[in-house]
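We count ligands from 1, going down the list as the structure has it; atoms in each ligand are counted the same way.
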Amino acid sequence: MENIGKNVEKILNKLPEGIELVGAAKTKTAEEILEAVKAGVKIIGENYVQESERVIEQIEKIRLQRAVENNLPVNKNEYAIKWHFIGHLQKNKVKKVVKLFDTIETVDSLKIAGEVNKECEKTKKVMPILLEVNSGREKHKFGVFPENVENLVREISLFSNLKIVGLMTMGPWEENAELLRPYFRETRKIFEKINLLNLSNVQMKYLSMGMSNSYRVAIEEGANMIRVGSKIFGERRYQ
Ligand SMILES: *Cc1c(COP(=O)(O)O)cnc(C)c1O
């Protein structure tokens with residue numbers, strides 16, 4: 001049995017100021033997520049739309065139940081969780097993702113950005129997005145190649161219901177986090193370059209890099225948002 005609360009405390013205690021911790025919660029239950037939230041995690045990242053729909057609904061149920069039991073006002077967002085979509089975004093899931101999530105970290109094409117923008121227009125929402133950079137230039141992986149990020153930013157910045165707030169990258173899979181350093185560094189350089197362009201609808205606030213085994217290296221290379229799963233929740237039960 002994982003001690004989720006303790007795991008979160010350990011991470012938060014050592015985290016430099018100004019670094020946002022995203023709890024990457026794929027395959028985890030509402031109860032497990034709430035344990036992390038109670039210990040101080042404010043942002044939860046989810047990869048799968050159906051799973052997150054279930055979990056968000058479940059958390060809402062738990063919250064309402066507690067509110068009734070304790071005579072609390074039911075409209076208060078007690079847990080105040082910010083939901084980040086960190087999975088691959090497909091066109092047929094855009095509607096749900098726009099409805100359920102506060103930020104999308106994985107926009108990687110003009111086409112999908114256009115779909116999100118269209119859905120946001122309908123629902124009168126402005127969606128903060130990060131562009132996913134395929135920093136390893138791996139053909140079978142998602143994300144925009146480093147040399148194409150600036151162009152994509154310029155194009156997406158014309159959509160009035162999107163706000164580009166940063167970049168996200170995974171990097172190739174490496175057991176040894178040191179080997180990810182060049183990929184994190186290159187992504188940071190792009191982040192800084194885009195920041196200097198001063199485009200409207202673009203504000204480079206978040207550089208989301210690093211997972212359980214690599215977030216220390218990522219922070220050294222400039223990450224201010226890290227996505228941590230197994231180090232908080234333990235090993236995953238599937239996928
Ligand atoms: C699962 C996942 C993580 C967290 O991975 P861990 O190695 O368990 O920390 C981070 N980012 C994304 C996009 C993920 O899918």
Side-chain angles (χ1 to χ4, degrees), residues 2-12 14-15 19-29 32-33 35-37 39-53 55-56 81-90 93 97 100-109 112 128-136 138 140-144 165-181 183-184 187-188 191 206-239:
E2 278 299 320
N3 196 330
I4 294 172
K6 277 244 163 65
N7 293 346
V8 169
E9 273 169 37
K10 256 193 247 165
I11 294 169
L12 286 178
K14 286 196 199 146
L15 216 55
I19 312 281
E20 306 267 3
L21 172 63
V22 178
K26 56 181 172 281
T27 80
K28 301 301 166 182
T29 63
E32 289 169 306
I33 291 170
E35 261 188 74
V37 168
V41 173
K42 297 188 174 71
I43 306 169
I44 296 293
E46 287 283 355
N47 296 61
Y48 307 108
V49 177
Q50 266 175 312
E51 182 181 300
S52 51
E53 197 176 22
V55 148
I56 290 170
I81 301 168
K82 292 284 179 213
W83 295 93
H84 280 207
F85 188 73
I86 62 173
H88 177 59
L89 183 53
Q90 288 166 306
K93 297 284 163 57
V97 166
L100 294 168
F101 288 87
D102 299 293
T103 298
I104 302 172
E105 294 202 20
T106 48
V107 173
D108 65 355
S109 73
I112 201 73
I129 61 168
L130 284 74
L131 300 198
E132 180 174 359
V133 182
N134 185 344
S135 55
E138 293 168 283
H140 58 287
K141 282 206 186 156
F142 300 113
V144 53
V165 296
L167 301 181
M168 178 274 217
T169 199
M170 304 263 283
W173 192 89
E174 291 288 357
E175 186 91 52
N176 177 359
E178 270 305 317
L179 299 176
L180 288 170
R181 204 179 277 283
Y183 304 103
F184 292 153
T187 307
R188 188 215 178 133
F191 179 86
Y206 302 115
L207 184 53
S208 175
M209 316 192 287
M211 321 203 294
S212 290
N213 76 331
S214 60
Y215 71 82
R216 287 187 198 83
V217 173
I219 291 169
E220 284 169 11
E221 296 301 332
N224 60 12
M225 182 171 273
I226 59 175
R227 308 176 310 274
V228 180
S230 45
K231 218 171 174 177
I232 292 177
F233 297 105
E235 292 307 315
R236 284 182 280 280
R237 285 178 285 269
Y238 60 89
Q239 262 151 353

Trainee: Just wondering, do Leu130 and Val165 contact through their side chains at under 4.5 Å, heavy atoms?
Mentor: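 Val165 vs Leu130: side chains touch.
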
Trainee: I'd like to know if the side chain of Thr103 and the backbone of His84 have a donor-acceptor N/O pair within less than 3.5 Å.
Mentor: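 Side chain of Thr103 to backbone of His84: no pair is present.
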
Trainee: Answer yes or no: is there a donor N or O on one side and an acceptor on the other, between the side chain of Glu51 and the main chain of Thr27, under 3.5 Å?
Mentor: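 Yes, the answer is positive, given that a donor and an acceptor are paired below the 3.5 Å cut-off.
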
Trainee: Find out whether Phe101 and Glu46 are in side-chain contact, i.e. whether some heavy atom of one side chain is under 4.5 Å from a heavy atom of the other.
Mentor: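 Counting from C-beta outward, Phe101 and Glu46 do come under 4.5 Å.
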
Trainee: Is it true that a side-chain atom of Asp102 and a backbone atom of Trp83 form a donor plus acceptor pair closer than 3.5 Å?
Mentor: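 Indeed, once roles are kept as given, a pair shorter than 3.5 Å links the two residues.
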
Trainee: Sort and list the pairs that fulfil side-chain hydrogen bond (donor to acceptor under 3.5 Å, both in side chains) and have at least one residue in residues 165-177, not counting sequence neighbours.
Mentor: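 Applying side-chain hydrogen bond (donor to acceptor under 3.5 Å, both in side chains) to every pair that reaches into residues 165-177, excluding sequence neighbours, yields Ser135-Thr169.
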
Trainee: Run through all N or O atoms in ligand 1 and write down each protein N or O closer than 3.5 Å, as a pair with its distance.
Mentor:
{"unit_1": "ligand 1", "atom_1": "8 (O)", "unit_2": "Ser230", "atom_2": "N", "d": "2.8"}
{"unit_1": "ligand 1", "atom_1": "8 (O)", "unit_2": "Ser230", "atom_2": "OG", "d": "3.0"}
{"unit_1": "ligand 1", "atom_1": "8 (O)", "unit_2": "Arg236", "atom_2": "NH1", "d": "2.7"}
{"unit_1": "ligand 1", "atom_1": "8 (O)", "unit_2": "Arg236", "atom_2": "NH2", "d": "3.4"}
{"unit_1": "ligand 1", "atom_1": "9 (O)", "unit_2": "Ser212", "atom_2": "N", "d": "2.9"}
{"unit_1": "ligand 1", "atom_1": "9 (O)", "unit_2": "Ser212", "atom_2": "OG", "d": "2.5"}
{"unit_1": "ligand 1", "atom_1": "9 (O)", "unit_2": "Gly229", "atom_2": "N", "d": "2.8"}
{"unit_1": "ligand 1", "atom_1": "11 (N)", "unit_2": "Arg227", "atom_2": "NE", "d": "2.8"}
{"unit_1": "ligand 1", "atom_1": "15 (O)", "unit_2": "Lys26", "atom_2": "NZ", "d": "2.7"}
{"unit_1": "ligand 1", "atom_1": "15 (O)", "unit_2": "Asn47", "atom_2": "ND2", "d": "2.7"}

